[in-house]
**Q** 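The following block contains the structure, expressed as structure tokens.
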Number of protein chains: 2
Amino acid sequence: MEGATVEIEKAATILKLLGDKTRLTMVKMLDTNDYCVCEFVEIFQMSQPAISQHLRKLKDAGVVRETRRGQWIIYSLNKESEYYPFVQSLLHHLPNQDFRLKELEEQGLRISCD
Amino acid sequence: MEGATVEIEKAATILKLLGDKTRLTMVKMLDTNDYCVCEFVEIFQMSQPAISQHLRKLKDAGVVRETRRGQWIIYSLNKESEYYPFVQSLLHHLPNQDFRLKELEEQGLRISCD
DNA sequence: TGTTTATATAAGCAAATTATTATATATTAA
DNA sequence: TTAATATATAATAATTTGCTTATATAAACA
């Protein structure tokens, strides 16, 4: 096995966090692009507080991090996390979600630019 | 990426299931050995119905399966599951739990024999 | 400055989760 | 056949989760 082992308790915490369709999709999307909150609101057709709360959980666990860019707060995967390799290897099994970015762009709603 | 992709929704279901310390430990243990219900009861110091309910969830999702051996019901990882490769790759990141089996044996409480 | 836009936080609530206790079922053994 | 053992299921209670609405904060812009 490559990479260090993840303590069972911490692994369970991360898996529970990713065991939600919205958060799992977010994290898969963040694996290839950065997004701001309002883009997620658009994509998931969910209220802004609901999206913020999902992102806060991911941030508290160190899975994602945020940077302010003007009035927007951009979220990205935290690749420095000691759990990143673990998360990564999960994401490899999931289907690409780039179609969601395409939809955003087609609607002229893309904001973050990497 | 090797192996087929797991639908996001199904992946979230499996991750939520494994996002519980008890179930995650069970599955990691089952990756190398089979166990009966009463062994798990001993190991986790939890009521028998609680253990049965965890196992039922894992069974309903197709992650584990059961075989009766006399009065015992032996649980094992379902390696035929289409999600087995996904589960496997998670388990690789977790620390070995063989010390739990050793403890069982030292207490003379080991029942299942593979 | 005041207004708009993007985001976060708090309070409250319904649904889901995880344990418990009590009871039913199935196999083994006396 | 009866008692003991292993397991499952049902009912229930406590806790957690994920949304909602209302409100606060912070940057941008007129």
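All chains are named by letter (A, B, ...) in the order of the sequence lines, taking the proteins before the strands, and each is independently numbered beginning at 1.
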**Q** What is the minimum heavy-atom distance between A:L94 and A:K28, and which atoms define it?
**A**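 The answer is O-NZ, 3.1 Å.
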**Q** Atom CG of B:L24 and atom C1' of C:dT18: how far apart are they, to the nearest Å?
**A**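 Computing the B:L24:CG to C:dT18:C1' distance gives 16 Å.
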**Q** Need one value for A:Y75: base, sugar-phosphate or nothing, where a base atom within 4.0 Å counts as base even if backbone is also close, heavy atoms only.
**A**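 A:Y75: backbone/sugar contact only, no base atoms under 4.0 Å.
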**Q** Looking at B:T22 and B:M46, what are the two nearest heavy atoms and their distance?
**A**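 Nearest pair, atom of B:T22 first, then B:M46: OG1-CE, 3.5 Å.
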**Q** Walk along nucleotides 18-30 of chain D from 5' to 3' and tag each nucleotide B, S or - by protein heavy-atom contact under 4.0 Å, base first, then sugar-phosphate.
**A** SBBBB----SS--
**Q** Within the structure shown, what part of the strands sits under 4.0 Å from B:E66 by heavy-atom distance: base, sugar-phosphate, or nothing?
**A**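 Sugar-phosphate, backbone atoms only, no base.
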**Q** Can you find a heavy atom in the side chain of B:L55 that is under 4.5 Å from one in the side chain of B:E66?
**A**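 They are not in contact (no side-chain heavy atoms under 4.5 Å apart), so the answer is no.
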**Q** To the nearest 0.5 Å, how far apart are NZ in B:K21 and NZ in A:K16?
**A**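 Result: 12.0 Å between the selected atoms.
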**Q** Find the distance B:L17:CG to C:dT18:C1' and express it as a whole number of Å.
**A**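 The distance from CG of B:L17 to C1' of C:dT18 comes to 13 Å, rounded to the nearest Å.
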**Q** How close or far is atom P of C:dA6 from atom CZ of A:F40, stated in whole angstroms?
**A**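 Spelled out: CZ on A:F40 to P on C:dA6 is 16 Å.
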**Q** Provide the full list of ring-ring contact (aromatic ring centres under 6.0 Å, His included) pairs with a residue in residues 62-85 of chain A, sequence neighbours left out, each pair given once.
**A**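 Every candidate ring-ring contact (aromatic ring centres under 6.0 Å, His included) pair involving residues 62-85 of chain A fails, so no pair, neighbours aside, qualifies.
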**Q** For a side chain to side chain contact (heavy atoms under 4.5 Å, CB included) with B:V64, tell me which candidate from B:V87, B:L58, B:N78 qualifies.
**A**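 Of the listed residues B:V87, B:L58, B:N78, the side chain to side chain contact (heavy atoms under 4.5 Å, CB included) partner of B:V64 is B:L58.
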